Amino acid sequence: MKQHFASDNYAGMCPEATHWFMEANASGHQPGYGEDIWTQRSTDKIRELFQTDCDVYFVFNGTAANSLALAAMCQSYHSVICTPVAHIETDECGGPEFFSNGSKLLVAEAESPAARQGKLTPDAVEQLVTKRSDIHYPKPKVVSLTQATELGTVYTVEEVRAISAIAKRRKLKLHMDGARFANAVAALGCHPSEITWRAGVDVLCFGGTKNGLPIGEAVVFFDRALSEDFAYRVKQAGQLASKMRFISAPWVGLLENDVWLRNARHANAMAQRLHDAIRDIPGVQVLHPPQVNSVFAQLPAPVIEGLYAKGWKFYQFIAGGGCRLMCAWDTTAEAVDAFASDLRQLCQP
Ligand SMILES: *Cc1c(COP(=O)(O)O)cnc(C)c1O
């Protein structure tokens, strides 16, 4: 079966997610709207995983998770600090602004070394906060980090702590877009609590879809005061699944026996394999060694056309980083090797 390197959402659901999806189906009639045993079970497992009594809500996708989480953290006159390549800025069709009734995204400058890695720094945050303090400027309220970033890099625990420190000093809340949170934790080898609430993160959008679920993301409130009335926000936005168990039960499969980490480690390892196989091909310019499950590379235009002609799918529009080659929980070594071999052949003079 043909695999692709366009996105980790090209992959289907992993066997463990499928298993619990079917178990949920076999569990007879269950209350709707999240009152079922499966939602209870997966929510408890997320609390166990993070070793804290957080509030957890399941929504259909990452755009809703981010948009609604940010809306819960902001008034309409507030602003959210992020990078120019942040998914909330470039890929959510104005969702965060829409659901917050107009909170503005304040984008950090694009030309610093950190920005070229898709990262915010304490300095960048400080600069946007102190730029203006008058009534005419949308008041900064939230810092949003993406972990792992849109450019396939990872914030270290120290980096998150440093940004959190400046956020605290400036009375800002800290949001983490964790669409690829699993890949970041797998790369860092730290405990998931260490990179989130123990480092000062208030709200995490914990991605499940790209990690092997059929559908669904978890919005995790470590600062429980922020989740007041969040259930209403989810419902109003059309994000409250009536048969919630089919979103929540597959999470049991990811969380049991650390399948989420195994899936992420595998995807990361496949990106490393791909990187090693293509890095020294003449004409291929890898941007940086992979930290998680993507490889970014500049390829000659005719080579890109050649790869498309051979049926490979991958994106070129992500964050100006050239071609993005993304591996998933089920990417096979054979697919990686076949892609690398086609690429090598096309690069021959
Ligand atoms: C995939 C992704 C999301 C979620 O996108 P949806 O398509 O709305 O599920 C959010 N943030 C980042 C960084 C992503 O890569």
Side-chain angles (χ1 to χ4, degrees), residues 4-13 17 57-71 80-99 105 107-108 115 117-120 142-155 160 175-187 195-196 201 203-220 234 237-239 241 247 250-251 254 260 263-264 267-268 271 290-296 313-321 324-329:
H4 293 289
F5 296 89
S7 177
D8 27 10
N9 65 18
Y10 272 43
M13 50 176 150
Y57 297 83
F58 295 103
V59 295
F60 290 102
N61 58 34
T63 297
N66 285 334
S67 298
L68 297 177
L70 292 171
V80 175
I81 293 172
C82 64
T83 70
V85 297
H87 198 270
I88 56 171
E89 162 72 4
T90 62
D91 287 286
E92 300 192 354
C93 199
E97 295 91 330
F98 177 77
F99 283 104
L105 302 186
V107 168
Q117 297 212 331
K119 288 188 189 180
L120 275 179
V142 177
V143 177
S144 178
L145 303 180
T146 308
Q147 178 76 311
T149 73
E150 290 78 0
L151 288 179
T153 55
V154 173
Y155 289 95
V160 176
H175 165 260
M176 183 173 274
D177 174 349
R180 298 190 181 90
F181 182 72
N183 304 89
V185 173
I195 197 73
T196 54
V201 172
V203 183
L204 168 71
C205 295
F206 187 2
T209 308
K210 289 169 179 158
N211 189 238
L213 290 190
I215 192 169
E217 316 278 294
V219 185
V220 182
V234 169
Q239 286 287 324
I247 293 184
W251 274 96
L254 282 193
W260 67 289
N263 284 352
N268 292 1
Q291 291 179 29
V292 280
N293 56 329
S294 52
V295 177
F296 286 82
K313 295 191 195 300
F314 55 90
Y315 292 151
Q316 292 186 69
F317 66 85
I318 308 285
R324 188 191 73 172
L325 306 169
M326 183 66 78
C327 298
W329 67 269

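Indexing begins at 1, ligand by ligand and atom by atom, following the structure's order. Every value quoted in this text rests on a predicted model; they were computed, and no experiment measured them.
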**Q.** Criterion side chain to side chain donor-acceptor pair (under 3.5 Å) against Glu217, the qualifying member of Asn211, Thr209, Asn61
**A.**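 Of all the options given, the one that passes is Thr209.
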Q) Is there a donor-acceptor contact under 3.5 Å from the side chain of Tyr155 to the main chain of Ile195? A) no
Q) Can you check side chain to side chain contact (heavy atoms under 4.5 Å, CB included) on Met326 and Arg180, steps first, answer last? A) CA-CA 12 Å; Met326 183 66 78; Arg180 298 190 181 90; 3.3 Å; yes
Q.
Using 30° and 60° as the class boundaries, would you call the ring planes of Phe206 and Trp260 parallel, tilted or perpendicular?
A. perpendicular
Q: Show the protein residues that qualify under the rule heavy atom under 4.0 Å from an atom of ligand 1, listing them in chain and number order.
A: Asn61, Gly62, Thr63, Asn66, His87, Glu92, Thr146, Glu150, Asp177, Ala179, Arg180, Lys210
Q | CA sep, side-chain torsions, deciding dist, call: Leu145, His175, side chain to side chain contact (heavy atoms under 4.5 Å, CB included) | A | CA-CA 6 Å; Leu145 303 180; His175 165 260; over 6 Å; no
Q.
Going by side-chain hydrogen bond (donor to acceptor under 3.5 Å, both in side chains), name the residues that satisfy it together with Lys119, two or more places apart in sequence or in a different chain.
A.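 For Lys119, the residues satisfying side-chain hydrogen bond (donor to acceptor under 3.5 Å, both in side chains) (neighbours in sequence not counted) are Glu159.
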